[in-house]
> 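First, the structure itself, so that you have it in front of you.
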Protein chains: 2
Amino acid sequence: MTIEVLPEPAGLPDPLPEPAVGELRLETVLSALSDPLRLRIVRKLLLESEDFDHTCGWFGLDRPKSSLTHHFRALREAGVTRQRQYGLERRSHVRVADLNARFPGLLDLVAAWTPADGD
Amino acid sequence: MTIEVLPEPAGLPDPLPEPAVGELRLETVLSALSDPLRLRIVRKLLLESEDFDHTCGWFGLDRPKSSLTHHFRALREAGVTRQRQYGLERRSHVRVADLNARFPGLLDLVAAWTPADGD
DNA sequence: CATGCAGTACGATCGGAGTCGTACAAGAAG
DNA sequence: CTTCTTGTACGACTCCGATCGTACTGCATG
């Protein structure tokens with residue numbers, strides 16, 4: 001155990017590359033959210049995350065790892081989630097404040113969403 | 001001129017096939033709205049339609065007719081717009097009440113949207 | 001160092017969506 | 001009837017995204 005440099009006030013690692021708040025585009029965000037699996041990811045984060053970041057494994061998604069990488073990157077690059085590297089884990093949370101500022105009401109729709117059978 | 005059967009109280013033609021309110025799916029609607037051209041169509045209808053139905057031509061979109069057919073059908077089949085046949089014209093309007101009932105706040109986001117340069 | 005684990009990178013495949021040209025259908029108007 | 005107009009139908013092309021297997025990187029732990 002070594003003493004670590006603290007890159008942020010709370011000692012968090014830097015976020016992975018993501019669009020700034022002003023760069024968020026509605027069409028890009030809607031496209032990211034138009035996939036049922038990603039909708040499920042975001043909804044679970046909104047309803048059950050309890051303000052923690054979570055790894056891919058936490059979601060219990062029955063997909064190969066390479067598929068999950070694809071979807072989590074899609075969400076991050078659209079600006080829906082933020083990802084940080086904690087050791088060998090990459091944890092995600094929804095950018096609630098940013099999204100509510102730019103697209104008020106959108107996350108409420110996601111939280112209220114119910115998956116179709118099979119999703 | 002023959003005496004016509006009136007299919008609706010106001011004497012409007014029947015709507016073209018579309019999903020019922022209860023069949024509207026968030027992921028389908030978001031997918032339909034994730035295209036900049038369709039976002040432009042819906043936004044223009046919301047801001048400038050003055051409660052009238054409008055033909056493809058009214059939008060002044062610089063695309064071939066077959067492309068417009070494609071996008072207007074995508075909007076209708078997702079449940080975003082309703083289309084009726086008036087003679088040889090096919091006019092569209094946004095299903096405001098249905099969408100507000102199922103996805104409150106969504107149309108506000110579309111109305112507030114601003115196209116990127118080039119859209 | 002050796003092993004195990006989280007996740008990425010790369011590349012292949014596949015299907016679906018956007019784009020459009022052309023031909024066609026149907027109502028409107030002369 | 002002939003012509004014009006609005007829009008569809010069909011098909012081709014292209015591109016992107018979803019899916020996944022395999023190989024790899026990087027950290028952690030014994």
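Since this is a predicted model, take the numbers as computed values, not measurements. Each chain gets a letter, A, B and so on, in the order its sequence line appears, and its residues count up from 1.
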> Once you round it to whole Å, what is the distance between P of C/dT19 and CG of B/Asp62?
12 Å

> Check whether any side-chain heavy atom of B/Phe103 lies under 4.5 Å from a side-chain heavy atom of B/Leu26, and answer yes or no.
yes

> I want to verify a distance call: between D/dA18, D/dC20, C/dT19, whose nearest atom is closest to the B/His71 side chain?
C/dT19

> What is the distance from CH2 of A/Trp58 to P of C/dG7, rounded to the nearest Å?
13 Å

> How does protein reach along nucleotides 6-11 of chain D, written 5' to 3' as B (base within reach of a heavy atom under 4.0 Å), S (only sugar-phosphate), or - (no contact)?
BBBB--

> Would you mind reporting whether A/Trp58 and A/Glu48 have side-chain heavy atoms less than 4.5 Å apart?
yes

> With a 4.5 Å limit on heavy-atom distance, are the side chains of B/Leu109 and A/Pro104 in contact?
yes

> Would you say A/Arg95 and A/Pro19 make side-chain contact, with heavy atoms under 4.5 Å?
yes

> From CG of A/Leu61 over to C1' of D/dC20, roughly how many Å is that when rounded to an integer?
15 Å

> When you measure from the side chain of B/Asp35, which nucleotide among D/dC20, C/dG18, D/dA18 comes out closest?
C/dG18

> Do B/Leu75 and B/Val96 sit in the same hydrophobic cluster, where Ile, Leu, Val, Met, Phe, Trp and Tyr count as joined when their side-chain heavy atoms come under 4.5 Å apart?
yes

> May I have the distance from A/Glu27 (atom CD) to D/dC16 (atom P), rounded to whole angstrom?
16 Å

> Mind checking whether B/Val80 and B/Arg38 have side chains closer than 4.5 Å, heavy atoms only?
no

